[in-house]
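As a basis for the values below, the full set of heavy atoms in this structure was taken, side chains included, without hydrogen atoms, waters or symmetry mates. All chains are named by letter (A, B, ...) in the order of the sequence lines, taking the proteins before the strands, and each is independently numbered beginning at 1.
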Protein chains: 2
Amino acid sequence: MTEDISGGTVGKALAVLDQVAAFGRPVRFAELLSDSGYPKATLYRLLQTLTDQGMLTCDPVTQAYAPGLRLVRLAHAAWAQASLGPLARAELDALSARTGETIHLAQLDGGQVLYIDKRNARNPVDLFSAAGKVGPAYCTGVGKAMLAQLTGPALEAALDRQSFHRHTASTLTTRADLFRDLETIRHSGLAFDREEHEPGIICLAAPILAPGGQLLGAVSITTTTARSSLAALADLGPALRDTAARIAAAAAPWRFPYRPG
Amino acid sequence: MTEDISGGTVGKALAVLDQVAAFGRPVRFAELLSDSGYPKATLYRLLQTLTDQGMLTCDPVTQAYAPGLRLVRLAHAAWAQASLGPLARAELDALSARTGETIHLAQLDGGQVLYIDKRNARNPVDLFSAAGKVGPAYCTGVGKAMLAQLTGPALEAALDRQSFHRHTASTLTTRADLFRDLETIRHSGLAFDREEHEPGIICLAAPILAPGGQLLGAVSITTTTARSSLAALADLGPALRDTAARIAAAAAPWRFPYRPG
DNA sequence: CCGGCTTGTTCCAATATGTGAAACCCAGTC
DNA sequence: GACTGGGTTTCACATATTGGAACAAGCCGG
């Protein structure tokens, strides 16, 4: 199921790593075997190598594999360097304090939304716990905010990767519908999620754009229809734009080796 | 400089990954070349592969490599599964609320302290730590708390990996000194950091032990000599022990594929 | 403008590595 | 005691990796 064009060994190893991580729980050899498509012996050696390397841990009694601590180490470095996370932290805190709502910071990765950081509606800081999660782009505020900034082949490629699965009654399920919404978003610089991903959950998102116009990521304010409304969210637009601009400013001095797509 | 016994390709690739991550900033090919010991062509292909795989990003203009977003993705899974993080969260929040001081959660990884989570003090001080970061074991509260629980070859191995670099006047710089302190810690179940790592920073740590006595990790309360004292910290001992015990309890039902070392 | 320098990329034959079918082992279980 | 289903090991074979060396592409300083 996990497929890479990679003939290389490391490609396979990393695919296995992804697979184990994707399970979200310790996973036994046999489970991986059926899903991976690799022959028994190959998968076995791959797992062996990865555990030797500390990328995976294997409970000797359960014989279940889980991501290893080395990954946690690398994760930190990745988050600190490859993402907007550290640069945006202060601004997210500020926006969280000002609005009291849930805040998301995301980047575009392979046509999908990769959440980088988050502030919960109530609780203040929690580090990169929620970070690293991936979600769909076509039906989330941050996703649409970012897609709207893409053009030409990059946009095409990203749209091709959308599943357009219907999550709620208001999910945009066709490329045409999405494209129309993206037009609006591009002009307004703000994207609404009108319960398109989860019923009762609405959100307002703004893209984070480098001075040159290059897309860096997106911020969003999320709330519920029970507690707020699209109209009320719209009032937060300026604050949100402001936050996005400040993050962009913080990122400006940095040569950002990041190509969204 | 980065050395692995690994003859395997993935081992080398991961070593390179570590290396890039360790730099903490985008790195150019030549810098890696000198430090890695690999021949030019080899390193080149390794980097190529890793960037292809999304584990690294390479700024096309600067030609500088940095950790890639794929690592951020993996981060989530790793933190959620391989660490005490999710299990301890509630307890850390509680302890943070009760004491108002900086709280650290750490695990032992390769003889070093791997910080898993953190709560900031109400009036935050600047100090060296964040989730996923690694630090020395011999001169930190959490480190010593954990080392004290090791015995026999595991302890030897861990001690062998300590650098015993002097950070402050009170740093324990010999194996013998540390060993003596560990004895005390083992008996009391609490470890003090008496400004051993950073001047003015003190801390009290307790190990997190599974029912069977297996070492899982450690929690600590950190403060400054300006604001508090070792004596005052000692008063928090029971609360800290309690927190550690609760985390251990939360972890008990979970088959923990984690061997400290 | 041209050598000389550093930095990154490509070639290619030798070979160390990885491959995977099949055999094997071990623990439950019918 | 034979059977089944995980998990581990073997081994002849294929191929991916290796790394020296040649090549291309800046970037000076003369």
Side-chain angles (χ1 to χ4, degrees), chain A residues 1-20 23 25-68 255-259, chain B residues 1-20 23 25-68 255-259:
Chain A
M1 234 68 311
T2 312
E3 269 328 310
D4 268 278
I5 345 86
S6 64
T9 325
V10 303
K12 293 179 196 172
L14 294 176
V16 170
L17 200 58
D18 268 350
Q19 212 189 130
V20 173
F23 267 82
R25 61 171 171 81
V27 69
R28 233 163 306 125
F29 181 89
E31 307 184 72
L32 291 170
L33 184 56
S34 51
D35 263 7
S36 72
Y38 295 125
K40 228 195 229 183
T42 302
L43 179 63
Y44 180 71
R45 250 172 312 101
L46 248 30
L47 287 169
Q48 197 89 323
T49 309
L50 287 170
T51 37
D52 281 354
Q53 294 291 334
M55 299 297 280
L56 294 177
T57 40
C58 180
D59 185 333
V61 32
T62 320
Q63 284 184 146
Y65 295 87
R255 311 281 310 143
F256 211 71
Y258 165 62
R259 257 250 288 295
Chain B
M1 235 69 312
T2 312
E3 271 326 311
D4 267 280
I5 344 88
S6 65
T9 325
V10 302
K12 294 179 195 172
L14 294 176
V16 170
L17 203 57
D18 268 350
Q19 213 190 129
V20 173
F23 266 82
R25 62 172 171 81
V27 204
R28 229 160 310 128
F29 180 87
E31 307 185 72
L32 291 169
L33 184 56
S34 51
D35 263 9
S36 71
Y38 296 125
K40 225 197 237 181
T42 303
L43 179 63
Y44 180 71
R45 250 173 311 100
L46 248 31
L47 287 169
Q48 196 92 321
T49 309
L50 287 171
T51 37
D52 281 355
Q53 293 291 334
M55 299 298 279
L56 293 177
T57 39
C58 180
D59 185 336
V61 33
T62 321
Q63 283 185 144
Y65 295 87
R255 315 279 313 140
F256 211 72
Y258 166 61
R259 253 201 90 183

Length of the OH-C1' vector between B:Tyr44 and D:dA25, whole Å: 13 Å

Provide, to the nearest angstrom, the distance between the CG atom belonging to B:Leu46 and the P atom belonging to C:dT17. 13 Å

List the residues meeting side-chain contact (heavy atoms from CB on, under 4.5 Å) with B:Leu43, not counting sequence neighbours, and say none if there are none. B:Val16, B:Phe29, B:Leu32, B:Leu33, B:Ser36, B:Tyr38, B:Leu47

Closest heavy-atom contact between B:Leu46 and B:Ala13? CG-CA, 4.1 Å

Within a strict 4.5 Å, meaning less than it, do heavy atoms of the B:Phe23 and B:Asp35 side chains meet? yes

Take atom CG of A:Leu50 and atom C1' of C:dG18, then tell me their distance rounded to the nearest Å. 14 Å

Nearest-Å distance for atom pair CG/P, residues A:Asp59 and D:dG6: 19 Å

Can you tell me the distance, in whole Å, between the CZ atom of A:Phe29 and the C1' atom of D:dT9? 12 Å

Check whether any side-chain nitrogen or oxygen of B:Lys12 sits under 4.0 Å from OP1 or OP2 of D:dT17, and answer yes or no. no

Below 4.0 angstrom from OP1 or OP2 of C:dG18, is there any side-chain N or O of A:Thr9? no

If I compare all heavy atoms of B:Tyr65 with all of B:Val20, which pair ends up nearest, and what's the gap? O-CG1, 3.9 Å

Report the distance from atom CG of B:Leu33 to atom P of C:dG8, rounded to the nearest whole Å. 9 Å

Rounding to an integer number of Å, can you tell me how far B:Gln63 CD sits from C:dT6 C1'? 13 Å

Please tabulate the protein-to-nucleotide N/O contacts below 3.5 Å involving nucleotides 22-29 of chain C, giving atom names and distances.
none

Criterion side chain to side chain contact (heavy atoms under 4.5 Å, CB included) on A:Leu14 and A:Leu17, from CA distance to verdict: CA-CA 5 Å; A:Leu14 294 176; A:Leu17 200 58; 4.2 Å; yes

Which atom of A:Thr57 lies closest to which atom of A:Pro67, heavy atoms considered: OG1-O, 3.5 Å

A:Arg28: what forms a side-chain contact (heavy atoms from CB on, under 4.5 Å) with it, not counting sequence neighbours? A:Glu31

The answer to which of B:Glu31 and B:Arg45 contacts DNA chain C further toward the 5' end, by nearest nucleotide, is B:Glu31

Find the distance A:Leu43:CG to D:dT9:P and express it as a whole number of Å. 14 Å

